[in-house]
Amino acid sequence: MLLGAHIGIADGLAQAARTGRAIGCEAIQIFSKSPQMWAGPPIPPTAAEEFRAAVRAEGLRATAIHHGYLINLASPKRPMLARSRRAFLDEIHRADLLGVDGLIFHPGAHLGSGSEAGLKTIAESLRLALEEAPDSKVSLLLENAAGQGTSLCATFEELATVIAEVDGGSRIGVTLDTCHLFASGVDFRTDESYGALVDRIGRILGRGTVRAFHLNDAKADLGSHLDRHENIGKGQIGLEGFRRLVNDARWSETPGYLETPIDERGYDRYAEDLRSLRELVTPPSPPRPYRSPARRSPRRASTVK
Ligand SMILES: [Zn+2]
Ligand SMILES: [Zn+2]
């Protein structure tokens, strides 16, 4: 697995790439703007070029944008849905401008309209997005939900339903968040349960559909449906729960992004989580040179869901 983390962009897009590399990331996920805003200021072409150059210079092997939190592609309220679809299209354009591989997004919440209607609305939203951005190179990656509230796609079956209905080929994929998986009731802490998980991924989604992971331990119990991230090895999944995943050759070229809590040490906390994961890899992967990033903005990263 290409190990990485969600890095804040308060110090600029290009700095996020440098910070990522400095703490040992092979891959980074960013927000393209404040995640609590509908629209961000346009990205100047020079800033985009600087970001691309920094990604190359730092040798990062995968990049992704995580969309903003206001977007709900399943909303039953027409004005909100229209606004969400516009904002999503803007995220796609920003992702293409920055040249990132994936746009990771929460499929949506049905807000009482029911799962069936919600899943149909998500599929329609994605079909429209593909149509309106025909030349886009970015993969649209649905993130599995923890199953909190009316959020959709906490199961492989729901993800598969949307993907089948969109019929977007390789432009559509999935990001699996380990905390959300665990919260949704999927155990993968033993050889047997991990094997069953991989089997279900292959059967229901198709293994190639999973293009990224979010590597988060879980504060809450198996099947709690609570979306509470914990540092690697400190939660209910535990170190052993990650060992099989990071050693699985099937995901060797797949990025895995940390979205774990950050404390007063800032991104040094991420560096520790990355080390915990690398120590699980057998044979050990070569240590990444570690240097403390010159500047950090931990607060931005700690809010990722
Ligand atoms: Zn989460
Ligand atoms: Zn997310």
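Remember, it's 1-based here, ligands and their atoms both numbered in the order they're listed.
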With the Zn ion (ligand 1) as the point of reference, which N/O/S atom of His180 is the closest?
-> NE2
Please go through Leu81's hydrophobic cluster and name the other residues, only I, L, V, M, F, W, Y counting, with side-chain heavy atoms under 4.5 Å joining them.
-> none
Of all N, O or S atoms in Asp227, which has the smallest distance to the Zn ion (ligand 1)?
-> OD1
Name whichever N, O or S atom of Glu143 ends up nearest to the Zn ion (ligand 2).
-> OE1
Just jot down the side-chain contact (heavy atoms from CB on, under 4.5 Å) partners of Glu132, sequence neighbours excluded, or say none.
-> Leu89, Leu128
Out of Asp227, Asn144, Thr175, which one pairs with His180 under the side chain to side chain donor-acceptor pair (under 3.5 Å) rule?
-> Asp227
Which atom of His66 is nearest the Zn ion (ligand 2), counting N, O or S only? It is NE2
With a 6.0 Å cut-off on ring centres, are Phe105 and Phe88 close enough?
-> yes
Please work out which of the three classes, parallel, tilted or perpendicular, describes the rings of His106 and Tyr69, given edges at 30° and 60°.
-> tilted
N/O/S atom of Cys179 under 2.8 Å from the Zn ion (ligand 1), yes or no?
-> no
